[in-house]
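Since the structure comes first, as structure tokens, the remarks are kept for the end.
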Amino acid sequence: MTNVTSTWTEPSNTATALLLLGRGTDPASERGVDCPGDLPAPSDPDLVARATAAKAALGDRVFVLGHHYQRDEVIQFADVTGDSFKLAQQAAARPDAEFIVFCGVHFMAESADILTKPEQQVILPDLAAGCSMADMAVLGQVETAWERFVDLGIAGDVVPVTYMNSSADIKGFVGRNQGVVCTSSNAKRALTWSFEQGSKVFFLPDQHLGRNTAVLEMGFDLEDCVLYDPHKPGGGLTDDELRDAKMILWRGHCSVHGRFTIDSVREVRERVPGVNVLVHPECRHDVVRAADQVGSTEYIIKALDAAPAGSAWAVGTELNLVRRMALAHPDKQIMFLDRTVCYCSTMNRIDLPHLVWTLEELVAGRVPNVITVDEQTAANARVALDQMLALP
Ligand code: SF4
């Protein structure tokens, strides 16, 4: 368990009301899934003891993965913490665990299912824990775009690249079309490899990671990038725009990282002289340009761990992680880049009541919320994932 002793001041709250976690269904939300079980009350004072007892009873049969953006109350029960790719690799490295309880979001559990043995079961404690970015690229929309490339005669020049934060369907599409998966750590290597295979890249689903990598790390111009909007006829692009483009970016973004603005950067620089602005590459292009450093979640953690005592950091990533880093490093001034609360609402769906319910169900011999990717999709997705692992 992690003990933190420092203090943390929550940024002021927004007027946005969230569904009470695990209680009720919002049909207008990305998944609108209700929990099928009888959840313990969040106020139950025995939740920690119940989770501890259930996990101990399961022993090596269960392996709990915790994404860096998860709540502290959940992270304390994780056998390993990490970003989405590290967690999928960790799941694959535990072939003896019968159950992989994935405290993260849906696409991560899918990746773990693809990479683990068929007899292992991957469980997502709350099925409503989706990812709004992953949900912005639906297979039918992507196939429609690809058909347009075929009609235009450019499909043979286009290499599809999908960010890890995408559904198994999209990874499968990319595998079927000789493309590659990338993470925020290896996006440059993935693009370099892709431009050796073809003259254009079709980047899914995060426009910002695609644009930031192409322009800031690969030397492309902004004019080399076009934005394909699946909600507009033909993606909102002319034939010539598609023919001339080097990077065809899907119009998707992270609703958390997309909130940081250039004004957030200016404001913190005025308020905290000498502050270092450190952001994730899922942030908008102008924000990344204005920052001092940009890097993946793992990069951000290492940079803050290595920072000298007394240094000041404004961090543009998910608030659970920034808060945890601030508490772990009381000798450094670590703050959230924006003044507004910016938790990932779907990551936060996984709370202690859902984890307790999941573990106790397993103890009782019932396996809830299993995430399964069909064999054909998994085989195609594995091609794109293996290509990523083989990147030079
Ligand atoms: S932080 Fe963004 S990319 Fe990550 S799960 Fe939440 S919405 Fe998806």
Side-chain angles (χ1 to χ4, degrees), residues 84-85 88-89 107-108 110-111 113-115 131 133-215 217-218 220 224-228 230 235 237 242-243 245-253 281-282 296 373-392:
S84 57
F85 182 59
Q89 281 180 312
F107 75 81
M108 298 176 185
E110 284 187 328
S111 296
D113 184 56
I114 290 167
L115 294 173
C131 163
M133 179 203 285
D135 288 351
M136 286 176 194
V138 178
L139 182 59
Q141 298 172 325
V142 173
E143 282 176 335
T144 300
W146 194 259
E147 280 161 22
R148 173 122 196 261
F149 304 161
V150 171
D151 292 344
L152 264 181
I154 62 169
D157 305 325
V158 179
V159 179
V161 178
T162 190
Y163 189 22
M164 195 73 181
N165 301 17
S166 56
S167 69
D169 281 344
I170 300 300
K171 293 187 181 81
F173 166 87
V174 168
R176 272 192 277 131
N177 290 286
Q178 292 79 49
V180 64
V181 174
C182 76
T183 67
S184 50
S185 310
N186 65 17
K188 182 183 178 188
R189 281 195 290 138
L191 286 190
T192 302
W193 174 84
S194 301
F195 280 110
E196 288 163 6
Q197 318 304 311
S199 56
K200 297 175 191 296
V201 161
F202 181 31
F203 196 92
L204 301 150
D206 183 13
Q207 57 168 304
H208 299 305
L209 178 64
R211 186 181 293 108
N212 288 331
T213 309
V215 175
E217 295 197 51
M218 311 270 301
F220 286 104
D224 293 323
C225 307
V226 293
L227 195 59
Y228 185 98
L237 295 168
L242 279 170
R243 281 198 194 96
K246 300 270 192 317
M247 287 287 290
I248 304 169
L249 304 168
W250 190 260
R251 188 167 186 182
H253 66 274
E282 288 172 22
S296 64
V373 178
D374 72 81
E375 271 179 42
Q376 190 55 60
T377 303
N380 290 332
R382 217 173 284 119
V383 171
L385 286 162
D386 285 346
Q387 183 54 62
M388 174 176 77
L389 295 174
L391 285 173

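No experiment lies behind these values; they were computed from the predicted model shown.
- Note: F220 and F195 have tilted aromatic rings, judged against thresholds of 30 and 60 degrees for the angle between ring planes.
- Considering CG of N380 and CG of L385, their distance stands at 11.0 Å, rounded to 0.5 Å.
- The shortest heavy-atom contact between A381 and I114 is CB-CD1, 3.7 Å.
- Atom CD of Q141 is separated from atom OG1 of T144 by 7.5 Å, given to the nearest 0.5 angstrom.
- If you run side-chain contact (heavy atoms from CB on, under 4.5 Å) between C225 and each of M247, K246, Q207, only M247 comes through.
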(message) S194 vs V180, test: side chain to side chain contact (heavy atoms under 4.5 Å, CB included). Steps then yes/no.
(response) CA-CA 8 Å; S194 301; V180 64; 3.7 Å; yes
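- No side-chain donor-acceptor contact under 3.5 Å links K171 to the backbone of T162.
- When all heavy atoms are compared, the tightest approach of V159 to G179 is CG1-CA, 4.1 Å.
- Not a single donor-acceptor pair under 3.5 Å links the side chain of R243 to the backbone N or O of I154.
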(request) Give the intermediate values and the outcome of side chain to side chain contact (heavy atoms under 4.5 Å, CB included) for residues F107 and D135. (result) CA-CA 9 Å; F107 75 81; D135 288 351; over 6 Å; no
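- The shortest non-hydrogen separation linking A88 to L115 is CB-CD1, 3.7 Å.
- One distance of note links CD of E110 with SG of C131; it measures 11.0 Å at 0.5 Å rounding.
- Taking OH from Y228 and CG from L204, the interatomic distance works out to 10.5 Å, rounded to the nearest 0.5 Å.
- With hydrogens and angles disregarded, no donor-acceptor distance shorter than 3.5 Å links the side chain of W250 to the backbone of V142.
- Atoms CZ and CZ, on R211 and F203 in that order, are 11.0 Å from each other to the nearest 0.5 Å.
- Although no hydrogens or angles enter the test, the distance criterion places a donor-acceptor pair under 3.5 Å between the side chain of N212 and the main chain of P281.
- When atom types are taken as modelled, the side chain of D374 and the backbone of Q376 share a donor-acceptor pair closer than 3.5 angstrom.
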(request) Decide yes or no on side chain to side chain contact (heavy atoms under 4.5 Å, CB included) for Q387 and W193, but give the supporting numbers first. (result) CA-CA 10 Å; Q387 183 54 62; W193 174 84; 3.3 Å; yes
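- By the neighbour-count criterion of 12 heavy atoms within 6.0 Å, atom CZ of R251 is sparsely surrounded, having that number or fewer from other residues, nucleotides or ligands.
- Heavy atoms only, all atoms of each residue included: C182 and L209 are closest at SG-CD2, 4.4 Å.
- The main-chain N or O of R189 is never found under 3.5 Å from a side-chain atom of N186 such that the two would form a donor-acceptor pair.
- Panel note: side chain K188, backbone M218; no donor-acceptor pair is recorded below 3.5 Å.
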(request) Test side chain to side chain contact (heavy atoms under 4.5 Å, CB included) on M388 and T183 and set out the steps. (result) CA-CA 9 Å; M388 174 176 77; T183 67; 3.9 Å; yes
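- Annotation for L191 and V161: closest pair CD2-CG2, 4.4 Å, computed over non-hydrogen atoms.
- Side chains of M133 and Y163 form a contact here, defined as non-hydrogen atoms less than 4.5 Å apart.
- To the nearest 0.5 Å, atom CG of residue D206 and atom CE of residue M164 are 14.5 Å apart.
- Closest non-hydrogen pair, R176 versus E143, comes out as NH2-OE2, 3.2 Å.
- For E196, the CD atom sits in a packed shell: over 12 heavy atoms of surrounding residues, nucleotides or ligands are nearer than 6.0 Å.
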